[in-house]
Amino acid sequence: MENAIEINNLTKRFCDFTAVNNVSFNVKKGDVYGFLGPNGSGKTTVIRMIMGLITPTSGTGKVLGFDISTENEKIRSHIGYMSQKFSLYEDLTVEENLDFYAGVYNVPKNKIKNKKKEILEMADLVGKEHMITSNLSGGWKQRLALGCSIIHDPDILLLDEPTGGVDPIARRQFWDIIYDLSKKGVTILVTTHYMDEAGHCNFIGFLYYGNILSLDTPNAMKEKVIDGEIVEIKVDDTLKSIELLKTMEKVRDASVYGAGIHVLTEPNMDLNELKVFLLKNNVEIYNIKKVKPTLEDVFVFLVEKENSK
Amino acid sequence: MNLKRIFSIIRKEFFQIKRDKRTIAIIIMMPIMELLLFGYAASTSVDHIPTAVYNNDIGIESRDLLDSFVNSQYFDLDYNATSMQEIEEYIDNGNAKAGIVIPPEYSKDLKNGKTAQIQLIVDGSDPTTAQTILSSAGGVVQSMSVEIIKETRGIEMPQVLDLRSRVWYNPNMSSINFNIPGLIGVILQTVTLMLTSFSIVRERERGTMEQLIVTPITKMELMVGKIVPYVIIGFVDIVLALALSVFWFRVPIAGSITLLLLFSVIFLFGSLGVGLVISTVSKSQLQAMQLSMFMIMPNILLSGYMFPIEAMPDIVGKISTVLPLTYFIKVLRGIILKGNGFGQLYQEFIILTSFGLGFLMIATVKFKKKIE
C-alpha cells in the first residue's frame, strides 16, 4: 500500500454552507504534504474529517486502509494530531502533560521514560519538565503540543496550522523537527497559510473556499500552473504603477510583492515595452527583470482564475 | 475498559484540582459552611419566647399561672404591660412574640368555681413559631386546670380517654437532629453537581477535548475517569460532614456508619452522573452553572429536606420521586435517626443504584467523540 491517506470526493456542508467541496487527494507514505489556503478555506474541516471529529456529508476516505467514517477508533492509535490551539492542559506541568498523553495512548511503561527524554530533547524542553505549561512561551507550547501528539509513535501526523502565532525562529525550529520526523518515515499532512512553509513540503494542495485548485509538487506548480511570465519591477510609486500596468493589453495582473510589483504578463513579454510604458507615464524604474514564479504568484494566479469563473 | 487510560484521566483530574484553589475551597469550605449555617439557622425548635403580660388580677392564683408559664421554659415574661394598648405595642414592634392577658375577675372566678378566662395573643406572621406558642400555651393551661381542680375540689378527675404519646427516634423532637441528616444529602448533592458539571464542558471550552477525543480512549473510560475523582472527593466531604454532625452538633448516629457510607457512594454516582449529563449537553461553563442551579433548587425544596413530601400536592410529590436526593435523605434519616439496617432500605438501594447507572449511561450515550 503506497498511500497513507486516500480521500475521494469528500464534501462537508454545514446547513447550506459548503465548507469542503468534492475534495480528492492522496498522501503518499513518508511524504510531507502541505495544505495551503487562506483562513476559512476548509483546511481544518478536511483534517477534522480525516480524524473522524466531523462526519462527512458525502465522499469517502481511507487512512492506512481504514475507513474514516466507520473505523475511527482503529485509525486513532496510528495518528498523531495537533489542533490549531495547541490544546495542552495549561494547569499541568510539561511532564504531566506528556505523562497524561502517554497514559491515554497506552504507551508501554518501559518505553515511556525513553520516549519522554527523546521528546524533551527534540522540543528543547529539557530542564523545563516541572514548569506549568501556561508559563511557557508560544514556541515551547507548540513544540510540547507536537511532543504530546507523537508520544505514541504514530505513523501519520496531522498538523492543523501548527505554526500560527509563533515567532519566525520557533517556526524554523518546528520545521526542522518536522523534517526529522519525515526522515524517520512518518507521513505528515500539514495545513498552513504561510506560503514560505509550503515550499518545505514534498507535495502541496491549494485549497480555496472548499475547492482544491491545484495539487502538485512545489516546483511543478511554479513551472506548470502559470501560462505567462512574471516580471518583477521596483519603482518610485508602487500603487500608481500597479493601476497603470493593469491597463496594459499584455498585462494580465499586477500586484504588490514585497517592496516591488509582480506583473503577470502574456508569454514572451518584451521588457522594453514595459519600460517605455512606465517611463512615458513619468514612473522612475529602479529595477526590472523576469523572475521565476513563486508559490505566492501561483496562488494569486489560481485565485484570480477561480474568481473570474 | 483499559484501566491504564482511566487511571491517566483520574491522575490528571487530581493534578488539576490540586492547582485550582477555588475548587479546593468548594470541596472543603462549602460543606463546613453550609452545615454551620443551615444547622443553626434552620433550627425550628422554639423556646424562651419573649412574652408581654398584662395582668389585671391581684390574686395569688394569677401569679401561680404566670409561674407555670415561666417554668415551662417556653415563655420568658419579659414585658409587663399596663394596658391592652401597651401589649399591642410590644407585639407590633416585635419585642414580644406573644401576649398574655389576665382579666380582673380571674381569681374570683376560680374561687367561685366558674370557668376563668385568660387571653393569649400570638404573633402569627411566622407560622412555625406561632404553632409552637399555641401548643405550648395549651399544654401549660391544661396541666394548670388539672391541678386547680385537684386543689379546690379535692378530687382527682377520672380520665375517660388517656392518650399517652411517645415520640420515637428523636424523643426531644430536636430539629437539629432532624435537619442535619437531610442537610448532609443536600450538601453532597450541591458540591458534586457543581464540580462535575464543569468537568467536560471546561475541556470543550479550553480546546483540550478535541485533543482528548482523537486518542483511543473510549467514552466509558472517559466518563469513569471523570467520575472517580469526584466520588473520592464526595466521600471525603461526607466523612467531614458526618464528623461535624457528630462532634459539633452532637447528632447521634443510631445505625451503621459503614452502611451510611456505602449508600453515600451509591448516591454519589447518581449525583455525579447528573453533573456529567449537564456538562455533556452544555455549550459553555456558564450554561453548565445555570443548569446545575436549576437542578439544585427543586432538589432542596422537593426532596423532603425542607418540606414533608406528604404535605405536597400530588403532582409536586410525583416530581420528588424522580429526585435521587429524595431517596438518599430517606436513607440518611433512616440510618442516623432510626438506626435502620439494610433490610429496611433495600428499596432505596435498588432505586439509587439504578439512578447511578442510569445517569452514567445517559452521559456516556450523550457524549459524542465529535466536535460538531
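Chain letters run A, B, ... following the sequence lines, proteins first and then strands; every chain starts at 1.
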Peer 1: Tell me, do B/Ile9 and A/Phe100 make a side-chain contact under 4.5 Å, heavy atoms counted?
Peer 2: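 Yes, close enough: below the 4.5 Å cut-off.
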Peer 1: In the structure I gave you, are the side-chain heavy atoms of B/Glu203 and A/Tyr89 within less than 4.5 Å of one another anywhere?
Peer 2: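 They are in contact (side-chain heavy atoms under 4.5 Å apart), so the answer is yes.
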Peer 1: Please find the pair of heavy atoms, one from A/Glu73 and one from B/Ile217, that lie closest to each other, and give the distance.
Peer 2: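 Looks like OE1-O, 4.4 Å.
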Peer 1: Does a donor on one side chain sit under 3.5 Å from an acceptor on the other, for A/Tyr101 and B/Gln211?
Peer 2: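 On atom types as modelled, these side chains do not qualify, holding no pair under 3.5 Å.
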Peer 1: If only atom types and distance count, is the side chain of A/Ser87 paired as donor or acceptor with the main-chain N or O of B/Gly207 below 3.5 Å?
Peer 2: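 Checked: pair present.
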Peer 1: Is it the case that over 12 heavy atoms from other parts of the model lie below 6.0 angstrom from the NZ atom of A/Lys116?
Peer 2: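 Check passes, neighbour count above 12.
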Peer 1: Just jot down the side-chain contact (heavy atoms from CB on, under 4.5 Å) partners of A/Arg171, sequence neighbours excluded, or say none.
Peer 2: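 Here the qualifying residues are A/Thr163, A/Val166, A/Tyr194, A/Asp196, A/Glu197.
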Peer 1: If you measure from OG1 on B/Thr208 to CD on A/Glu90, what distance do you get to the nearest 0.5 Å?
Peer 2: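 It is 9.5 Å, given to the nearest 0.5 Å.
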Peer 1: Could you report the tightest heavy-atom contact between A/Leu53 and B/Glu210, atom names first, then the distance?
Peer 2: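 Looking at all heavy atoms of both residues, the closest pair is CD1-CG, 3.8 Å.
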Peer 1: Quick one: which residues of residues 119-147 of chain A reach chain B at under 4.5 angstrom, heavy atoms only?
Peer 2: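 If one takes a 4.5 Å heavy-atom cut-off, the residues of residues 119-147 of chain A near chain B are A/Ile132.
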Peer 1: In terms of heavy-atom proximity below 4.5 Å to chain B, should A/Asn97 be classed as side chain, backbone, both, or neither?
Peer 2: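 Neither part; nothing is under 4.5 Å.
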Peer 1: Report, as yes or no, whether the 6.0 Å neighbourhood of atom CZ on B/Phe269 holds more than 12 heavy atoms from other residues, nucleotides or ligands.
Peer 2: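 Open.
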Peer 1: Does any part of the side chain of A/Asn72, heavy atoms only, come nearer than 4.5 Å to the side chain of B/Lys370, both counted from C-beta?
Peer 2: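 A side-chain contact under 4.5 Å exists here.
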Peer 1: Counting only heavy atoms closer than 4.5 Å, note whether A/Lys74 contacts chain B via side chain, backbone, both or neither.
Peer 2: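 Neither part; nothing is under 4.5 Å.
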Peer 1: Output the option from A/Ser77, A/Cys148, A/Ser83, A/Ala102 having the highest count of non-hydrogen pairs under 4.5 Å with chain B.
Peer 2: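 Heavy-atom pair counts peak at A/Ser83.
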Peer 1: What closest approach, in Å, do B/Lys4 and A/Lys109 show between heavy atoms, and which atom pair accounts for it?
Peer 2: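 Closest approach of B/Lys4 to A/Lys109: NZ-N, 4.1 Å.
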Peer 1: Test A/Asp91 against every option in B/Lys18, B/Gln16, B/Arg19 by the side chain to side chain donor-acceptor pair (under 3.5 Å) rule and name the one that passes.
Peer 2: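 With A/Asp91 as partner, side chain to side chain donor-acceptor pair (under 3.5 Å) holds for just one option, B/Gln16.
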Peer 1: Where is the tightest heavy-atom contact between A/Asn106 and B/Arg5, given as atom of each residue plus distance?
Peer 2: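 Looking at all heavy atoms of both residues, the shortest contact is ND2-NH1, 4.0 Å.
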